[in-house]
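Each chain gets a letter, A, B and so on, in the order the sequences are listed, and its residues count up from 1. These numbers come from a predicted model, not from an experiment.
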There are 2 protein chains.
Amino acid sequence: MKRNTWQREAVRGALDANDGFVSAQALHSALHSTGSPIGLATVYRALADLADTGDADSLQSPEGESLYRACSTNDHHHHLICRNCGLTVEIEADAVETWAKDVAAKNGFTAAAHVVDVFGLCAACTATAAASAK
Amino acid sequence: MKRNTWQREAVRGALDANDGFVSAQALHSALHSTGSPIGLATVYRALADLADTGDADSLQSPEGESLYRACSTNDHHHHLICRNCGLTVEIEADAVETWAKDVAAKNGFTAAAHVVDVFGLCAACTATAAASAK
DNA sequence: ACCTTGCTGATAATGATTGTCAAAACCATT
DNA sequence: AATGGTTTTGACAATCATTATCAGCAAGGT
């Protein structure tokens with residue numbers, strides 16, 4: 001049976017409070033800094049659960065960390081992520097969906113899943129970078 | 001200056017000899033099993049170099065490992081990877097390229113890079129899976 | 001209130017990757 | 001062929017994220 005614990009709620013809340021993708025470690029630190037005595041292992045478990053139930057989205061940063069984010073919808077979708085500030089925009093990718101399916105089918109592949117994420121610098125960070133580069 | 005060492009050649013050779021993506025660890029074991037006394041750290045360094053110069057492609061498996069593959073071209077392209085046997089097909093993705101650029105631009109993002117990879121079961125593995133499921 | 005059983009959390013364990021640094025190898029030069 | 005300045009190597013330690021362990025606590029049904 002699935003139980004309701006304040007820890008699970010805390011993790012969900014911390015995720016919701018965040019705009020972009022966060023690492024499990026960062027989430028744990030954040031919770032600790034607000035005084036929560038939640039354990040690191042529990043954060044990992046809660047995140048895995050949320051990802052399983054579709055309440056959260058997970059992806060791998062190019063550096064190899066697992067990042068998580070509260071999902072506004074549980075439809076399948078992709079992300080545009082600022083590599084500097086972590087700002088995330090959910091994007092529609094119907095074109096990519098069908099393309100992925102096509103390509104897989106053409107090559108005899110089945111059970112196709114895909115990883116499609118775009119990393120870049122958001123407008124704000126671009127401006128900052130340009131300013132500091134001067 | 002960049003020097004030519006047999007170790008670098010060995011890594012490149014081992015990559016070329018492989019059809020799919022391989023982890024650095026696997027490559028190291030493979031080299032060892034052929035009698036090469038190459039060090040693990042050196043394999044990592046060689047792979048990083050190859051990836052830098054565009055001679056190899058790297059991606060993160062869903063499990064978080066870094067995988068490498070010899071690249072037949074150094075054009076930008078993507079992959080269709082069998083999650084069972086590691087077979088890899090290089091795919092053209094012009095549609096996705098432009099889509100990624102569009103999406104990024106529309107949201108004010110610059111310096112857009114993207115991670116686009118399709119995982120699935122190749123025809124052979126699909127057949128095997130179906131057979132064993134019976 | 002009680003009891004069963006899942007959940008928690010401190011810590012150890014794991015596994016991949018990177019840093020360190022002395023010794024060895026490379027390449028141009030003598 | 002010997003020399004010298006540098007780069008590269010490789011064994012091992014260090015790091016980092018994540019997972020396993022396991023005893024104690026707590027949630028929910030009865």
note = d(A:Leu27 CG, A:Asn18 CG) to nearest 0.5 Å is 7.5 Å

query = CD/B:Glu9 to CG/B:Asp16 distance, rounded to the nearest 0.5 angstrom?
reply = 10.0 Å

query = Can you tell me how far the OG atom of A:Ser29 sits from the CG atom of A:Leu40, to the nearest 0.5 Å?
reply = 8.5 Å

task = Drop me the distance from B:His78's NE2 to A:His114's NE2, to the nearest 0.5 angstrom.
result = 13.0 Å

task = Determine, for nucleotides 23-30 of chain D in 5'-to-3' order, which nucleotides have protein heavy atoms under 4.0 Å from the base (write B), from only the sugar-phosphate (write S), or from neither (write -).
result = ---BBS--

ask   = Across the strands shown, which category fits A:Arg8 at heavy-atom distances under 4.0 angstrom: base, sugar-phosphate, nothing?
value = sugar-phosphate

task = Assess the side chains of B:Thr126 and A:Thr110: does a donor N or O sit below 3.5 Å from an acceptor N or O?
result = yes

inquiry  = Once rounded to the nearest 0.5 Å, what's the spacing between atom CZ of A:Arg69 and atom CG of A:Asp55?
reply    = 13.5 Å

ask   = Which part of the nucleic acid, if any, lies within reach of A:Ser23 when heavy atoms closer than 4.0 Å are counted: base, sugar-phosphate only, or nothing?
value = nothing

query = C:dT8 C1' sits how many Å from A:Leu31 CG, rounded?
reply = 14 Å

query = So, A:His79 side chain and A:Ile91 main chain: donor-acceptor pair closer than 3.5 Å or not?
reply = no

task = Could you identify which residues of residues 32-44 of chain A place a heavy atom less than 4.0 Å from some atom of DNA chain D, listed by residue number, or say none?
result = A:Leu40, A:Ala41, A:Tyr44

key: Rounded distance [0.5 Å steps], CG in B:Leu15 versus CG in B:Leu47   = 5.5 Å

ask   = Any side-chain N or O of B:Gln7 under 4.0 Å from OP1/OP2 of D:dT8?
value = no

Separation of D:dC12 C1' from B:His28 NE2 (nearest whole Å) = 13 Å

query = Once you round it to whole Å, what is the distance between P of D:dT8 and CZ of B:Arg12?
reply = 14 Å

